[in-house]
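In what follows, a single structure is set out as structure tokens and then discussed.
Below, chains carry the letters A, B, ... as their sequence lines are ordered, and counting in each starts from 1. Heavy atoms only: backbone and side chains are in, while hydrogens, waters and symmetry mates are out.
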Amino acid sequence: MFSVRITLAITRRILREVFRDTRASIFLLVAPGVLIVLVRNLFESAADFAPTGAMMLGAFPALSMYMVGSTLVVRERNRGTLEAILATPASRLDFVLAYLCAAVAASLVQAVSTVAVGYTLGGLETASPPWLLGAMAALCAIFGMSLGLICSAICQNEGQASQLVPGIMVPQLLICGVFWPLPVMADWLRAIERFMPFSTVTRAMTAAREHSYGGSELVVNSVAMAVLTAAALLGVAAIIRRRTA
Amino acid sequence: MSESAVRIRDLVVYRGGALVLDGIDLDVAPGTVTGLVGPSGSGKTTLLRCVVGVQKIKSGRVTVLGRPAGTAALRHEVSYLTQSPTVYGDLTVEENVRHFAALYRRSKRDAAIVIERVGLSPKSRQLVRKLSGGQQTRANLACALVAAPRMLVLDEPTVGQDPLLRRELWTHFHNIARAEGTTIVVSSHVMDEAARCDRILLMRTGKIIADDTPEMIRKETQTDDLDEAFLRLIEAPVAVPQV
């Protein structure tokens, strides 16, 4: 079904490609931290900022990795590299697992930088220890990348893929609680929020902030994220085809 | 009599509703170099894609090295060079070739050898997107060669290469066919390149209209110039009788 050697070879190649461009890698690693500092200063005190800040620790890595993921599969298909790879002994599962491994590696680095900024410059205080929010941030980033990959697999070109950002991600971001507190939102918006994939990110982070080690709310949302991630990746494997017309 | 490396029976392919391959029958002997020529749009690339097993087909059978084209075991044995380079622009030549080497379980040494063979050793640390079109094609060729496959499917491998390098590459193709028994199917639109093949297949509108050695094609069309022979065959209202 898959081979460790092949999966790791593809992983290395993806990471090389993503991080080759210095500007792109700085953006990927630093942007969530910069956004946190920016938003922190919209609030008067660190205590006021904490609810939003905790959500941002998950939401911004997820969004930034979504952006990376959403162009990758489209690019591979348009350049013909997807067909070239699938004509080698590499399997579709190798291909998808390699993207998962690359997402894990990139998101861990990103999570460390984001959480470090959040707790120092952002002055965040949470009931759970920072490492837990870091781990959650990484999970959110992997989840974001998977969402990006499935969108990318559906799209015909990079233009379409970038249209999905305002089409799918921005609405979810607007009503997930980062911009406006959930309790004061209209009922029908809250009903939508409950079933958005992206809400798992903010709900898990909020749980981790409010309760030490997050409790059942954290577990439920983490599991939901993991399941959605797996579903998205299997979806990618199902959509890409070795044989094309 | 050894088994055919490629056996195609009554292959029909449609692409976007249009008939592209119209009942192809073909046998390719192992260890030979077969040239596929024909005007653009005649179905050369589609036929190669069928051999590699990446083309959806309407009907017919394609067997490669005794197995249905595109099956998992075959993907270790067949390597495919696409017409437009499918290398990663943001990776160096060396990184690209090593990547494909890893996919085929070959070593870094194997990668260095094929880079040398396509004449890119001096450029091996350069990013592929900074190379010329011809150099990119060669980098891509190195990625296909590193597999050391039993069957090599090459779609216009010498486009944009200078005459000296073209000659070297063709010598190399013959060497690996002779020495390692690799079966090579190569498309080209340059007839004088096809002259270096053991056998020429001429395609027109989805059919093979001539199938012979270069010498016999010259003889039948009564010209020494293969380009002229090509034109005579293509423009002939009815295909020249095949031997």
Donor-acceptor side-chain pairing of E83(A) and T82(B) below 3.5 angstrom: no
If only side-chain N and O atoms count, and only distance matters, is there a donor-acceptor pair under 3.5 Å linking E76(A) with T81(A)? yes
Between R5(A) and chain B, which part of the residue has a heavy atom less than 4.5 Å away: side chain, backbone, both or neither? side chain
Tell me, yes or no, whether the heavy-atom count around M67(A) atom CE, taken from other residues, nucleotides or ligands under 6.0 Å, exceeds 12. no
Partners passing side-chain contact (heavy atoms from CB on, under 4.5 Å) against S25(A) (at least two apart in sequence or in another chain): F19(A)
Checking heavy atoms, do the side chain of T7(A), its backbone, both or neither come under 4.5 Å from chain B? neither
As an exercise: rank R75(B), E95(B), E77(B) by heavy-atom pairs under 4.5 Å with chain A and give me the winner. R75(B)
Counting only non-hydrogen atoms closer than 4.5 Å, does R20(A) touch chain B with its backbone (N, CA, C, O), its side chain (CB onward), both, or neither? side chain
Please state whether the side chain, the backbone, both or neither of V13(B) comes within less than 4.5 Å of a heavy atom of chain A. neither
Assert top hit (heavy-atom pairs under 4.5 Å, partner chain B, pool G80(A), A9(A), A84(A), P89(A)) equals P89(A)
With a 6.0 Å cut-off on ring centres, are F100(B) and Y104(B) close enough? no
Could you look at T71(B) and say if it's the side chain, the backbone, both or neither that has a heavy atom under 4.5 Å from chain A? neither
Segment of P85(B) engaging chain A (4.5 angstrom heavy-atom cut-off): backbone
Side chain, backbone, both or neither: which part of R49(B) has a non-hydrogen atom closer than 4.5 Å to chain A? side chain
Consider only side-chain N and O atoms of T45(B) and D155(B), and report whether a donor and an acceptor are under 3.5 Å apart. yes
Which answer fits V20(B), side chain, backbone, both or neither, if we ask what part of it has an atom under 4.5 Å from a heavy atom of chain A? neither
For a 4.5 angstrom cut-off between non-hydrogen side-chain atoms, does R241(A) reach L86(A)? no
Go through H76(B), Q55(B), R98(B) and name the one with the most non-hydrogen pairs under 4.5 angstrom from chain A. Q55(B)
Could you tell me whether the side chain of D27(B) reaches within less than 4.5 Å of the side chain of V6(B), counting heavy atoms only? no
For the CZ atom on R61(B), are there more than 12 heavy atoms of other groups (residues, nucleotides or ligands in this structure) within a distance under 6.0 Å? no
Given a strict heavy-atom distance threshold of 4.5 Å, which part of L74(B) is in contact with chain A: side chain, backbone, both, or neither? neither
Most contacts with chain B, counted as non-hydrogen pairs under 4.5 angstrom, among T88(A), L82(A), D94(A): T88(A)
